[in-house]
Amino acid sequence: MKRLQNKFDIIVVGAGHAGVEAALIAARLGKKVCLVTLDLFAVGRMSCNPAIGGLAKGQIVREIDVLGGIMGLATDKSGVQFKILNRSKGKSVWSPRAQVDKRLYEKIVYSYIQKEKNIHLFEGEVVDVLIQNNAVGGIVLRGGHRICSLAVIITCGTFLGGLIHVGQKKIRAGRMGENNAEGITEALVSRGFVAGRLKTGTPPRLDKNSINWAKTTPVFGDETPAPFSYQTMLFDPPNIPCHTIKTNVVCKNIIAENLSKSPMFSGDVGGVGPRYCPSIEDKVNRFSHHDEHTLFLEPEWINSNQIYLNGFSTSLPESVQLRALRAVPALESVRFFRPGYAIEYDFFSPSQLKASLETKDISGLFFAGQINGTSGYEEAAAQGLVAGINATQYVRNDSPIILSRDEAYIGVLIDDLITKDTLEPYRMFTSRAEYRILLRFSNAHTRLIKKSEKFSLLDHRGLNKIRKIQCGLNAIVASLDSTVSPIEINETLVRLKETPIKQKTPATTLLRRPSLEIRDLPKSIFSKGAGTSIPPPFVYESYIEAEAIIKYEGYIKRQNKQVRRMKKQENVLIPSLFNYNAITGLSLEAKEKFSRVRPQTLGQAQRISGITPADVSVLSIMLVT
């Protein structure tokens, strides 16, 4: 390990998904970074499920990739199964997901950190931050050693005051078998920050050799898989199956009879759990009319004997977990490598942050990841990336990168965090994005390439790869202006129970028919150059994106019109020391929430939970007078 220096541009606290992205992007932008972790062998660790992506999360990973992050590339190199979810719905909510080899993923991420000459990886525990004149100046390690810097990014995840629950058994830890972090919460609270407690859970890890695989159903990925990274030119991943099973009435009854032994139901866990990733106890209690629930058996790495039981997150006593699972066919003789458990941890209300993820009260101090109340690798990585870019911009005394709600799911994520109360772990879904028709996974490169260019987030080689994909897509869309004759398409239209055409018709007009897909059009309409510049992994996706551009054209125009109208409010800035209590027309609730959140723009103000249009109207009048 390199000798510790005393002065860095940026210090990143925590080397999980948020910390890794923050450190790497800042280092690649030329800043000297100190990455502090409790365990040098836990860098980039996937502490929960062996998967990346999913509903809306897949879009986030694509966005991370265009903005210079490494999550997508590491996933492509370590994935064992790739699949596009939501294919039965509109293309705007299609989402990529990959099962990954956890050990290989961690190894790849660690290699990126090691190769980066501007990153100093240091093992230690941070207990405080140095503050002078309301600006950060570095960190304090346990034992009193100080390291100075111009900016600090805190990304501690579940390690802040982490407390594990397995039945009535309690273990102070950040993850099972790993120490938690004590001291940072207390230090920040003493400086006026507001903290709270959240909880999350993880399922048991099963012994592969104790499962009756003949009683399970294999589930494979797509035959033509799509990569996450636009930098992946050759892509031929394995397609290793997961397997599904279902719980039954006996399993349900065992859990129901033992709910009082679950800390989440006895009140033993003070934190609030994730609504959209419920434990098996939650499922049995809240959905008592269901006698069975689907579980996924996911290998944690290639040739692993350790199986992740997705869908069975729990904090019941180990003996109860075993009894319930052994009632399920295929698991009659199941053995654990590790029982499921709940973990309770500290977080800080993200309304204390600007849209840049810099704290409002201390300049140069940034929060990213689960410390902001989020749940999931992808949400953490996205915040880390944005914090890393903006810490760099702060050091340069330059303007931050701000992603709006119509530009990226990352923009939706951050805006939701800083304007809405976080009462439970935040998880991203497509339904959270009001402009989701604009935020397709297949157009992340089109949406964000200009941001990447402006902030120099990708090198010339990386940008050129994306431009080639864009050029090929543009050629495909241009080809759709061609006309199609009745003889070329009527047989297909009849097969699809569509009305035949009587004269030459533009392909765009035909493609707007609900049952017609781009693959149904005659190949002859596409110019010889259409799609030829696109790397093979992205050819199919580019045709699908071209189809979406045509089919959704009316909706896209409508949403763009809404965006232009909303931008007017986003551009109305609110002074940081604005006195809301002096406005007589505001409701008491509005005064309290505006004063606490301190929105930066009128647009942010109207998205705060509980704020009415009347409150926004009164505020807007005061801001323009």
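- Side-chain contact between N118 and K31 is absent, with no heavy atoms from C-beta onward closer than 4.5 Å.
- The side-chain heavy atoms of S356 and I402, taken from C-beta on, include a pair separated by under 4.5 Å.
- Scanning for salt bridge (Lys or Arg N to Asp or Glu O under 4.0 Å) contacts around K354 gives E358, with sequence neighbours left out.
- Considering only residues two or more places apart in sequence or on other chains, F235 meets the ring-ring contact (aromatic ring centres under 6.0 Å, His included) condition with F82.
- Residue pairs meeting the salt bridge (charged side-chain N to carboxylate O under 4.0 Å, His left out) criterion with at least one partner in residues 63-75, sequence neighbours excluded, are E63-R447.
- Taking the side chain as every heavy atom from C-beta outward, T200 and Y345 approach each other to under 4.5 Å.
- In this structure, a donor-acceptor pair under 3.5 Å is absent between the side chains of D76 and S229.
- Under the ring-ring contact (aromatic ring centres under 6.0 Å, His included) criterion, Y377 pairs with H17, sequence neighbours left out.
- Looking at Q383 and T374, their side chains do bring a donor and an acceptor atom within 3.5 Å of each other.
- You'll find the side chain of L413 reaches within 4.5 Å of the side chain of Y426, heavy atoms only.
- Scanning for salt bridge (Lys or Arg N to Asp or Glu O under 4.0 Å) contacts around D207 gives R335, with sequence neighbours left out.
- Judged by distance alone, with hydrogens and angles left aside, the side-chain atoms of T75 form a donor-acceptor pair with the main-chain N or O of M71 at under 3.5 Å.
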Working for salt bridge (Lys or Arg N to Asp or Glu O under 4.0 Å), residues R598 and D361
CA-CA 11 Å; R598 286 182 289 161; D361 291 328; 3.0 Å; yes
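- Here F538 pairs with Y230 under the ring-ring contact (aromatic ring centres under 6.0 Å, His included) rule; sequence neighbours left out.
- Here E186 pairs with nothing under the salt bridge (Lys or Arg N to Asp or Glu O under 4.0 Å) rule; sequence neighbours left out.
- Residues passing the side-chain contact (heavy atoms from CB on, under 4.5 Å) test with F296, sequence neighbours excluded: T244, T294, E298, N310.
- Residues passing the ring-ring contact (aromatic ring centres under 6.0 Å, His included) test with F367 are F193, F348, sequence neighbours excluded.
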Name every donor-acceptor pair, under 3.5 Å, that has one atom in a side chain of residues 126-135 and the other anywhere in the protein, sequence neighbours excluded.
{"from": "D128", "atom 1": "OD1", "to": "R191", "atom 2": "NH2", "distance (Å)": "3.3"}
{"from": "D128", "atom 1": "OD2", "to": "R191", "atom 2": "NH2", "distance (Å)": "3.3"}

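- Between L104 and I302 the shortest side-chain heavy-atom distance does not fall below 4.5 Å.
- For the residue pair S95/Q59, the side-chain donor-acceptor check at 3.5 Å is satisfied.
- No hydrogens or angles considered: nothing links the side chains of Q604 and R607 as a donor-acceptor pair under 3.5 Å.
- Between the side chain of E300 and the main chain of P50, no donor-acceptor pair closer than 3.5 Å is present.
- Using a 3.5 Å distance cut-off with no hydrogens or angles, the side chains of S279 and S313 do not pair a donor with an acceptor.
- No side-chain heavy atom of L38 sits less than 4.5 Å from a side-chain heavy atom of E123.
- For residues 453-463, the set of pairs meeting the side-chain hydrogen bond (donor to acceptor under 3.5 Å, both in side chains) definition, not counting sequence neighbours, comprises E453-R467.
- Counting only N and O atoms by type, the side chains of Q352 and S349 include no donor and acceptor under 3.5 Å apart.
- Applying the salt bridge (Lys or Arg N to Asp or Glu O under 4.0 Å) test to R28 and every residue at least two apart in sequence or in another chain returns nothing.
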